[in-house]
Structure formats: C-alpha cells, structure tokens
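Worksheet for the structure shown next.
The chain is numbered in sequence order, starting from 1. Keep in mind that the numbers below use all heavy atoms, side chains included, and drop hydrogens, waters and symmetry copies.
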Amino acid sequence: MSSELFIRLAAQTLHVLSAVVWVGGMFFAYFALRPAAAAVLEPPQRLSLWSRTFSLFFPWVWASMGILLVTGFWMMFTSFGGWQAPPYVHMMLGTGILMMLVYLHVYFGPYRRLRRAVEAQDWQQGGRSLSQIRWLVGANLLLGLFVIVIGSGGRFL
C-alpha cells in the first residue's frame with residue numbers, strides 16, 4: 001500500500017469515527033440516558049448526572065470537531081477538487097459547521113449555566129439549562145443524521 005493511499009484511508013477512517021463518536025453520543029444521550037434518568041432520578045440527582053456526563057462527553061466532542069474539520073478539509077482539497085467539490089461535499093461541510101456552532105452555543109451557554117446551577121444547588125435554573133440543552137442536542141442530532149445520510153449516499157444523487 002502506498003503512503004498516499006494509507007493517509008487517505010486514515011483520514012477517511014478518522015473522519016467517520018469522529019462522526020460516530022459525536023452523533024452516536026447524542027443519540028445515546030437523547031434516546032437512552034435521558035428517559036432512563038428521568039424515570040428513576042429526582043431533579044438534583046438527574047441534573048448532577050447530566051452535568052457529570054457532559055463533562056466526560058464534551059472533551060470527546062471537541063476532539064471529534066477538530067478531527068472532522070482537519071480530515072474533512074484535507075479530503076475536500078486532496079480528493080474532491082477543493083471548492084469545486086460536488087454539492088454533497090458542500091452540504092456536509094455547511095451542515096457540519098452549523099452543528100459545530102450549535103455545540104459551541106451549548107457549551108458556552110446552557111452547559112456553563114447547568115454546571116453553575118448544580119454547584120449552587122439551584123435546581124430550577126439547572127432544569128431550565130438542561131431543557132435548553134435537550135432541545136439543542138435534539139436539533140444537532142437531526143443535523144448529524146442528515147450529514148450521515150448525505151455522506152453515505154450523496155455521491156449517488
């Protein structure tokens with residue numbers, strides 16, 4: 001295997017794995033952890049669980065975003081002709097950047113408020129912050145699933 005082919009395969013593999021970590025984590029949080037926590041935990045425990053869960057998951061999202069940007073742009077400019085790339089590549093790029101902006105809003109807005117609320121045991125504010133995060137993660141999950149559909153089938157359109 002040539003070194004060029006190895007680098008291409010490594011970039012594509014890292015790109016896909018990063019998307020799986022991010023989108024899969026959102027899917028798990030939204031459809032498994034959220035209903036399970038709501039069913040068995042009182043607000044103080046539930047909010048503390050979410051704050052701790054996010055503190056463990058968000059570093060993975062930061063890493064995934066960096067890897068997605070680097071590998072995505074690298075593949076765009078080495079395999080797809082740069083800015084002349086097919087429309088589906090631009091759709092993935094635009095939607096991915098929108099997802100990153102939503103994440104940045106979650107991280108620097110409602111997540112910070114959630115952490116402060118849990119530390120202060122302000123469960124009402126914590127509940128409001130978690131509700132905002134829930135809505136934004138749901139929207140980002142839909143965007144992420146859209147990107148997966150485009151990435152896996154866009155070249156056939």
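Ser3 pairs by the side chain to side chain contact (heavy atoms under 4.5 Å, CB included) definition with nothing, not counting sequence neighbours. Looking at residues two or more places apart in sequence or on another chain, you find a salt bridge (Lys or Arg N to Asp or Glu O under 4.0 Å) between Arg8 and Glu4. With sequence neighbours left out, the side chain to side chain contact (heavy atoms under 4.5 Å, CB included) criterion links Leu56 to Arg52. With sequence neighbours excluded, the residues forming a ring pair (Phe, Tyr, Trp, His ring centres under 6.0 Å) with Trp62 are Tyr103, Tyr107, listed by chain and number. With sequence neighbours excluded, no residue satisfies side chain to side chain donor-acceptor pair (under 3.5 Å) with Ser64. In this view, Ala37 and Leu41, Arg46, Leu49, Trp50 satisfy the side chain to side chain contact (heavy atoms under 4.5 Å, CB included) rule, not counting sequence neighbours. In this structure, the side chain to side chain contact (heavy atoms under 4.5 Å, CB included) partners of Leu93, at least two apart in sequence or on a different chain, are Phe73, Met76, Trp83, Ile97. Under the side chain to side chain donor-acceptor pair (under 3.5 Å) criterion, Gln45 pairs with no residue at all, not counting sequence neighbours.
Hydrophobic side-chain contacts under 4.5 Å tie Val16 into a cluster, directly or through other members, with Val20. Side-chain heavy-atom separations under 4.5 angstrom define the hydrophobic clusters, and the remaining members of the one that includes Leu14 are Ile67.
Between Val106 and Phe54, the closest side-chain pair of non-hydrogen atoms is not below 4.5 Å.
Listed by first then second residue, pairs satisfying ring pair (Phe, Tyr, Trp, His ring centres under 6.0 Å) with a partner in residues 16-47 read Phe27-Phe31, not counting sequence neighbours.
Considering all non-hydrogen atoms of both residues, Arg113 and Ser129 come closest at CB-OG, 3.3 Å.
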What side-chain donor-acceptor pairs closer than 3.5 Å can you find for residues 133-154, not counting sequence neighbours?
residue	atom	partner	partner atom	Å
Asn140	ND2	Met99	O	3.1
Ser152	OG	Ile148	O	2.9
Ser152	OG	Val149	O	3.3

>> Go through it in stages, so that I can follow the logic: the residues are Val118 and Trp123, the test is side chain to side chain contact (heavy atoms under 4.5 Å, CB included), and I'd like the CA-CA distance, side-chain angles, deciding distance and then a yes or no.
In response: CA-CA 7 Å; Val118 168; Trp123 308 122; 4.2 Å; yes
